[in-house]
Amino acid sequence: MAKTHVKMTVNGKEVEALVEPRTLLIHFIREELSLTGPHIGCETTHCGACTLDIDGKSVKSCTLFAVQADGADIRTIEGMAEADGSLHPLQEAFRQHHGLQCGFCTPGMITRAYRLLQENPNPTDEEIRMGIAGNLCRCTGYQNIVKAIRAAAEVMNGADAKEAAE
Ligand code: FES
Ligand code: FES
């Protein structure tokens, strides 16, 4: 099948490749770029394990072709920690509050939570639950994920307040 040239920014780096039009973005990200944090948990767009942050939106990358992401700015779980290795507050909070067990949903869950906290920096528990309704987890029962997102929001709001005061 004829390949199409695509160019996108992934975790701050420009990438270029030739892809078949039918290649799903999740396969491109995992197989071509070797970013294997985002996972595949279904074939019906329910689970959200494949969630990426694309141009400021949470997108299920199993439901987008790589060619549709031409020119996009993408963030995956691999791009969440700082360059010095320090964890994003969400990653830290998931660890502290036991918001993961098998870890399979976690990349998608954290990537979604990252965007949720941009959309709503101070969500109620109900808003968190609604906000991650596109992400399924088989292990945690969600309770600790909600706690972790709430805790991360507090840390992030605290950091913002500190920055504003400086
Ligand atoms: S793999 Fe399940 S929603 Fe994408
Ligand atoms: S931690 Fe196992 S699916 Fe969520």
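First listed ligand is number 1; within each ligand, the first listed atom is number 1. Computation of the quantities below employed the complete heavy-atom set of this structure, encompassing side-chain atoms and omitting hydrogens, waters and symmetry-equivalent molecules. Numbers for residues simply follow the sequence, beginning at 1.
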Side-chain H-bond candidate by donor/acceptor type, E127 with N120, under 3.5 Å
yes
In terms of side-chain geometry, is the basic nitrogen of E126 or R129 positioned less than 4.0 Å from the acidic oxygen of its partner?
no
Side-chain contact, heavy-atom cut-off 4.5 Å: T111 with R75?
no
4.5 Å side-chain heavy-atom contact, I54 and M8
no
Pull out every atom of ligand 2 sitting under 4.0 Å from any heavy atom of R138, numbered as shown with elements.
3 (S)
Pairwise side-chain contact, I40 with C62, heavy-atom cut-off 4.5 Å (strictly under):
no
Min side-chain heavy-atom separation Y142-L136 under 4.5 Å
yes
Whether over 12 other heavy atoms sit under 6.0 Å from E43 CD
no
N, O or S of C102 under 2.8 Å from atom 2 (Fe) of ligand 2:
yes
Backbone or side-chain N/O/S of C139 under 2.8 Å of atom 4 (Fe) of ligand 2:
no
Interfacing atoms of ligand 2 (cut-off 4.0 Å, heavy-atom, G103)
1 (S), 2 (Fe)
Here the gap from I26 atom CD1 to T51 atom OG1, rounded to the nearest 0.5 Å, amounts to 9.0 Å
Sorted by chain and number, the residues that approach ligand 1 to under 4.0 Å with a heavy atom
I40, G41, C42, T45, H46, C47, G48, C50, K60, C62
